[in-house]
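Okay, structure first, notes after.
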Amino acid sequence: MDFSYIIKCIVFPYVANACILLKLSLRLWHSCWQQEKSTTGNRATGTPPRTRTIAEAQARIAREMSTATCARFCTPLTSGPAGSTSKLTAGSVTTGSGSGNMTSSYKKKIPSNSTAAAATNDSSTTEATFTFKLGRSNARSSSNVASSESSDPLESDYSEEEEEEPEKDQEPVTNSRSSSTATTTSSSAAGHDHDVDEEEDDDDDDDEEEANGRDGDDVTHDSSESIEDDGNETDDEEDDDDSEESSSVQTAKGVRKYHLDDYQIIKTVGTGTFGRVCLCRDRISEKYCAMKILAMTEVIRLKQIEHVKNERNILREIRHPFVISLEWSTKDESNLYMIFDYVCGGELFTYLRNAGKFTSQTSNFYAAEIVSALEYLHSLQVVYRDLKPENLLINRDGHLKITDFGFAKKLRDRTWTLCGTPEYIAPEIIQSKGHNKAVDWWALGVLIYEMLVGYPPFYDEQPFGIYEKILSGKIEWERHMDPIAKDLIKKLLVNDRTKRLGNMKNGADDVKRHRWFKHLNWNDVYNKKLKPPILPDVHHDGDTKNFDDYPEKDWKPAKAVDQRDLQYFNDF
Ligand SMILES: Nc1ncnc2c1ncn2[C@@H]1O[C@H](COP(=O)(O)OP(=O)(O)OP(=O)(O)O)[C@@H](O)[C@H]1O
């Protein structure tokens with residue numbers, strides 16, 4: 001073996017990966033340090049971390065896992081806030097090894113420094129890094145991550161290219177920007193969104209173009225056009241009286257003038273990084289809905305302005321049976337508000353943890369609905385970037401609704417943000433190579449594995465351990481795993497994204513034609529004709545029994561932001 005071969009093929013890859021991990025460590029350290037300086041207490045709302053009662057599932061998973069893996073997956077437990085208990089039972093679940101009701105404490109938010117954070121409940125530890133979004137994770141070593149390096153509140157993302165670029169327009173937008181036109185929204189995103197899309201420029205670009213069977217011209221997409229076309233567009237010209245908390249929206253039944261007062265808040269059903277999600281009742285239509293309330297001070301502090309705007313803009317544009325529907329959005333001087341359909345069945349995550357794992361049939365059903373949604377999103381050049389069981393809600397009819405578009409982004413080509421949930425992050429995101437829709441197909445592979453096995457394929461207590469495992473590409477397989485499902489997972493969890501199923505020239509069709517989905521008629525999938533394996537136990541549309549209880553008295557009103565900061569959200 002010649003010397004240059006050893007350097008190129010053995011030493012270089014190790015050194016490269018070590019450098020990447022070192023870089024991530026430095027960013028983590030930097031961000032921890034920044035967060036520690038600036039925060040005490042847990043988020044603007046003051047809500048304690050959420051816990052659940054799922055020890056039996058944990059014990060079962062522990063039994064089924066090798067001791068070493070188990071020690072990593074079953075991280076230290078903490079007791080939760082009084083009253084924060086899961087009411088969910090597994091009685092109605094058709095699953096693999098599911099076995100009824102389970103109780104025990106299960107740490108919902110596992111910070112990067114789990115012991116310290118568990119002891120203090122302090123967001124300065126739980127929000128370490130690239131803005132760790134720890135509100136939603138249960139058995140994860142941490143939840144979502146999104147990089148936030150700069151002190152510019154508009155700069156939510158990290159990219160090497162950015163650092164070399166001259167400072168972009170970083171002042172808050174002026175009043176001359178119309179608050180609701182799509183063009184403004186779009187130009188704002190272009191001007192401030194540091195989740196940079198760039199033409200491909202590194203070595204594998206050409207390969208990738210070839211593999212995708214597309215050329216650069218094909219990928220251009222003018223988001224402003226589609227947003228303007230959207231029936232939900234607020235019509236300021238027709239209604240000059242519209243205040244920020246109210247607006248007229250064209251609905252199927254004609255123009256409706258929405259007001260925040262139209263919604264009666266009933267109960268908190270979920271918490272997130274910047275606020276909470278409440279069940280509410282629309283006094284006009286008498287429909288139940290979910291109101292996501294985001295404290296602007298937190299959005300600014302965590303440099304997530306563009307991500308939040310992306311979320312709203314993308315959601316306004318899309319409509320699909322397996323994607324949450326945004327009905328209206330608005331703001332006041334303290335909060336941003338998004339009104340969604342209320343999905344009363346709760347999170348797929350809870351059903352999965354209660355069951356331990358799903359059968360191949362059950363997993364296949366959910367995977368098919370996700371494939372249908374991903375195909376649709378990608379056709380609009382939207383990359384979702386946060387696929388995981390916590391973000392999949394089960395509707396009363398048993399079908400899925402994908403929620404939380406906080407990391408979704410309309411792509412021209414590639415983007416560089418380090419974001420996602422560690423266990424679900426694709427290797428190219430860790431390596432800061434620039435990523436595209438291929439990351440969603442990777443995440444689908446992780447999700448199918450987690451549904452079938454009960455835990456994700458790459459796990460460690462620390463995000464860096466997870467990243468190391470992802471980059472190593474080694475996966476432990478269960479002996480009795482469905483071999484056809486295993487084949488699909490292998491084809492999705494391919495480190496080289498140009499060879500990853502879903503990202504090649506036939507796109508989603510390659511996934512849809514895989515043998516694991518052979519029996520499916522994809523029109524039936526889209527039209528919800530398949531029989532759902534789980535029917536949630538709910539008594540009426542506003543039932544909250546499938547969600548945890550949150551002590552309502554813990555919510556403190558978010559602080560009003562000053563006029564200058566308010567302008568960041570002019571186009572929200
Ligand atoms: N439309 C809905 N119907 C019912 N529950 C919902 C709905 N939307 C969100 N939830 C609940 O609220 C939780 C938090 O919502 P979401 O993930 O959108 O908030 P987030 O602030 O973006 O959270 P994170 O910071 O974890 O990303 C969800 O996991 C879910 O349990």
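Every number for a ligand or one of its atoms is a count from 1 in the order of the listing.
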Worksheet item: Considering only heavy atoms, does Asp404 approach ligand 1 within less than 4.0 Å through its side chain, its backbone, both, or neither?
Response: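 Both backbone and side chain of Asp404 come within 4.0 Å of ligand 1.
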
Worksheet item: How does Thr273 reach ligand 1, if at all, at less than 4.0 Å between non-hydrogen atoms: by side chain, backbone, both, or neither?
Response: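 For Thr273, the contact with ligand 1 is made by both the backbone and the side chain.
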
Worksheet entry | Any N or O of Phe274 closer than 3.5 Å to N or O of ligand 1 |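 No, there is no polar N/O contact under 3.5 Å.
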
Fill in: ligand 1 contact by Thr271, heavy-atom criterion under 4.0 angstrom
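Distance cut 4.0 Å: Thr271 passes for ligand 1.
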
Practice prompt. Take every heavy atom of Phe405, measure it against each atom of ligand 1, and state whether any distance is under 4.0 Å.
Written response: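 No heavy atom of Phe405 comes that close to ligand 1.
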
Worksheet item: Out of Val277, Val269, Leu294, Leu392, who gets a non-hydrogen atom closest to atom 15 (O) of ligand 1?
Response: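 The option holding the nearest heavy atom is Val277.
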
Discussion item. My understanding is that we take every heavy atom of each candidate and find the minimum distance to atom 3 (N) of ligand 1. Doing that for Val299, Val343, Ile339, Leu326, which one comes out nearest?
Written reply: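 Nearest option to atom 3 (N) of ligand 1, by heavy atoms: Val343.
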
Close-contact set for ligand 1 against [X] heavy atoms, below 4.0 Å:
X: Asp341; result: 1 (N), 2 (C), 3 (N)
X: Ile324; result: 1 (N)
X: Gly270; result: 12 (O), 13 (C)
X: Lys292; result: 16 (P), 18 (O), 19 (O), 20 (P), 21 (O), 22 (O)
X: Glu390; result: 29 (O)
X: Phe340; result: 1 (N)
X: Glu347; result: 28 (C), 29 (O), 30 (C), 31 (O)
X: Tyr342; result: 3 (N), 4 (C)

Worksheet entry | Residue among Gln304, Lys303, Glu311, Lys309 satisfying side-chain hydrogen bond (donor to acceptor under 3.5 Å, both in side chains) with His307 |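 So, applying the side-chain hydrogen bond (donor to acceptor under 3.5 Å, both in side chains) to His307 and each of Gln304, Lys303, Glu311, Lys309, only Gln304 qualifies.
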
Practice prompt. May I have the step-by-step check of side-chain contact (heavy atoms from CB on, under 4.5 Å) for Tyr263 and Tyr337, ending in yes or no?
Written response: CA-CA 11 Å; Tyr263 297 94; Tyr337 302 87; over 6 Å; no

Worksheet item: Do NZ/NE/NH1/NH2 and the carboxylate oxygens of Asp341 and Lys287 come within less than 4.0 Å?
Response: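 Judged by the 4.0 Å cut-off on N to carboxylate O distance, Asp341 and Lys287 do form a salt bridge.
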
Practice prompt. List the steps and the verdict of salt bridge (Lys or Arg N to Asp or Glu O under 4.0 Å) for Arg276 and Glu552.
Written response: CA-CA 11 Å; Arg276 56 180 171 147; Glu552 301 291 342; 3.5 Å; yes

Discussion item. Tell me if a side-chain donor or acceptor on Asn391 pairs with a main-chain N or O of Lys388 at a distance below 3.5 Å.
Written reply: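 Checking the backbone N and O of Lys388 against the side chain of Asn391, no donor-acceptor pair under 3.5 Å is found.
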
Worksheet item: Are Glu423 and Tyr455 close enough, and set up right, to give a side chain to side chain donor-acceptor pair (under 3.5 Å), and what steps lead you there?
Response: CA-CA 10 Å; Glu423 287 87 342; Tyr455 51 88; over 6 Å; no

Discussion item. For the aromatic rings, using the six-membered ring if either is Trp, is the centroid distance between His435 and Trp442 under 6.0 Å?
Written reply: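 Not under 6.0 Å, so no.
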
Item to complete: Evaluate the side-chain contact (heavy atoms from CB on, under 4.5 Å) criterion for residues Lys409 and Glu306: first the C-alpha distance (whole Å), next the side-chain angles of each, then the deciding distance (0.1 Å), finally the verdict.
Response: CA-CA 10 Å; Lys409 180 161 168 56; Glu306 289 311 321; over 6 Å; no

Worksheet item: Given Tyr550 and Val277, is the side-chain contact (heavy atoms from CB on, under 4.5 Å) satisfied, shown in steps?
Response: CA-CA 11 Å; Tyr550 298 87; Val277 175; over 6 Å; no

Discussion item. Quick one, Glu298 with Lys559, criterion salt bridge (Lys or Arg N to Asp or Glu O under 4.0 Å). Give me CA distance, side-chain angles, the key distance, then yes/no.
Written reply: CA-CA 10 Å; Glu298 287 303 279; Lys559 273 204 222 122; over 6 Å; no

